[in-house]
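Everything below concerns the one structure shown next.
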Number of protein chains: 2
Amino acid sequence: MKKITISDIAKEAKVSKATVSLVLNNKPISVSDKTRENILKISKELNYIPNSIARSLITNKTETIGIILPDIVNPFFSEIARAIEDTAGKLNYNVMLCNSDNNVIKEEKYTKLLVSKLIAGTIFISGGNSKKSLEILKENGIPVVFVDRYVEPFRDYSGVFCSNSEGINEAVTYLYNKNMKSIAFVTGSMELETSKLRLTAYAEITKKLKIYDKSLICESTYSIEGGVAATEKLLSSNKKIDAIIYCSDVMAFGGIKVLKRKKLKIPKDISVIGYDDIFFCEYVEPELTTIRQPIYEMGKEACKLLISIINGKTVNKKINLKSKLIIRGTA
Amino acid sequence: MKKITISDIAKEAKVSKATVSLVLNNKPISVSDKTRENILKISKELNYIPNSIARSLITNKTETIGIILPDIVNPFFSEIARAIEDTAGKLNYNVMLCNSDNNVIKEEKYTKLLVSKLIAGTIFISGGNSKKSLEILKENGIPVVFVDRYVEPFRDYSGVFCSNSEGINEAVTYLYNKNMKSIAFVTGSMELETSKLRLTAYAEITKKLKIYDKSLICESTYSIEGGVAATEKLLSSNKKIDAIIYCSDVMAFGGIKVLKRKKLKIPKDISVIGYDDIFFCEYVEPELTTIRQPIYEMGKEACKLLISIINGKTVNKKINLKSKLIIRGTA
């Protein structure tokens, strides 16, 4: 079957396509009430759905927003995507999903695809050095809202972020007060702003407490595999480690796997703290102690902000939410 | 900044818009090589990205496919969505993501939105009685591929499914051979084809083994909360239960939570088997024994099938993959 078009309605109503179009768009036209009602009745009977693409071509934009994110399988990103889509749907926007895999080339390819589809704006969760993609979006006048991570040199862009220092301060201080002085820190890629900020927060508080030890810092990727690799590396150094703070929960899950394999008891032999508070934290055993980010709220606020910018109601705005230590079973 | 258009290139190259359009689309036109090269050079310098929407209006379809699914936060669906998007991206298609929340009204709203955006086709993971949505898609000539679940009366549609009986037979027989005769079964909503098929498989094998007991069957929803509620209900009956088979892993996670709260040891006091084999199964403790579906492959095959149908290369086709018991720590 072919899509129901204005032609089908015109044929059925025995009027011209122009008449149908004017009636359906509620434009001035001198037709009898009977004809008008008949056209509306037929369009309803045929389940006619207007072609929003035609309108897009006139306005030069669609009611579609893009989401560029590293990987929807990571629950942190699926929760953000869900919040964005919920919020967009309520405002009659659609979302196009793009997984960059932290790959700059893929990110650029998707950026161009989104531009060619005349998206109204995009939520951008950078997977690394996203300068080129952001330049393309800028050149094409497409509004961007960052979530979770800034990208240099676009620091003035709108975005929704969660402060990194409070949660890390709380976590390190909590461990320190339990007499754990040898606290390892597993960060994500140093290309990402969040990794840098979290490492800075860790360095500041550990230096203040005089327990800073550079050899306990390990850079990895925000993934289960990244957590596995970093933990193996830390353990292979044979240093005494009281606790490990991972910069994402999925990293911590990978780490816990390695620690259990090495017959280390959590939290008796070693404490573990994650980051994000994805919903799975409560379903591992022991439940994961973690630094909570208000994930759903971050996505929701980002989407509201983007649509407000698209409609010219907001210019640049930054929303800063707070992180917080949630104590459960692993520390 | 405004989107770079053909006008910008024309202005810069000091030629007409028509000339730019003909050169960029590689259409016959008598211009000097110098002019042609200059136009190409400028379009590259300006990072010009053609407007694919304009082309869509002529062909009456876009290179965009829709995914309608219950909830992207459920790892089963996020893995399927990821596979679809990976496969679509390679074939230069975009995906639009729609979460139905198993809500028929939301499903319909999204279906209409997708139709109005001239999507080329849609992958449909039904959240219940989706008859109306599927009729709308049919009336508008939009190809549909089902994943995981049929919807009546559209049984002849293309789709990718995973057989339900092998895995359940394996699971029940495995438990039976370990001398567990009182095997509870927690299904999803009976509005879904998968729930019905899995229950049928369970009933057949338990009747064959003469251990069928209707009071051990509990209908719930495919969610953590659904698993919690069903398990509480089963335990409140005070019947002896040797094992529980849950029709999804997230349900099993919810169930394990309740069992642990009731101080039941898994698998010593009670065995647990899940369904799906989402990647988190290996990160709970004990690791979840489950009936594996090849989730990524299901999404990948569905996307390939849909695009093949869109391009007129396939008509109706069903792909049936196999389920399989994966023995880990909970049974």
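Everything numeric in this text was worked out from a predicted model, so none of it was measured.
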Which bit of [X] comes within less than 4.5 Å of chain A, counting heavy atoms only: side chain, backbone, both or neither?
X	value
B:Leu46	backbone
B:Tyr48	neither
B:Lys257	side chain
B:Phe77	neither
B:Pro50	backbone

May I ask you to test the [X]-[Y] pair for a side-chain heavy-atom distance under 4.5 Å?
X	Y	answer
A:Asn74	B:Ser78	no
B:Ile72	A:Glu85	no
A:Arg82	B:Asp101	yes

Residues B:Ile67, A:Leu97; criterion side-chain contact (heavy atoms from CB on, under 4.5 Å); working and verdict: CA-CA 10 Å; B:Ile67 313 180; A:Leu97 174 67; 5.6 Å; no

Under 4.5 Å to a heavy atom of chain B? For A:Asp71 that would be both

Contact origin within A:Ile256 toward chain B - heavy atom pairs under 4.5 Å: neither

Given A:Ser116, A:Ala81, A:Pro286, the one with more heavy-atom pairs under 4.5 angstrom with chain B than any other is A:Ser116

Enter the distance from [X]:[atom1] to [Y]:[atom2] here, rounded to the nearest 0.5 Å.
X	Y	atom1	atom2	answer
B:Ile142	A:Ile49	CD1	CD1	7.5 Å
A:Lys260	B:Glu287	NZ	CD	8.5 Å
A:Glu139	B:Asp8	CD	CG	11.0 Å
B:Lys109	A:Lys90	NZ	NZ	9.0 Å

What heavy-atom pair brings B:Phe279 and A:Pro75 nearest, and what distance separates the two atoms?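 That closest heavy-atom pairing would be CZ-CD, 4.4 Å.
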
Show the nearest heavy-atom pair for residues A:Glu63 and B:Lys117, with the distance to one decimal.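 Where A:Glu63 meets B:Lys117 most closely, the heavy atoms are O-NZ, 2.8 Å.
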
Parallel, tilted or perpendicular: which describes the rings of B:Phe280 and A:Phe253, with under 30° parallel and over 60° perpendicular? perpendicular

Which one wins on heavy-atom pair count under 4.5 Å against chain A: B:Gly254, B:Ala88, B:Cys98, B:Gly66? B:Cys98

Shorter than 4.5 Å, heavy atoms on both sides: which option in B:Asn92, B:Asp86, B:Val73, B:Asn99 has the most such pairs with chain A? B:Asn99

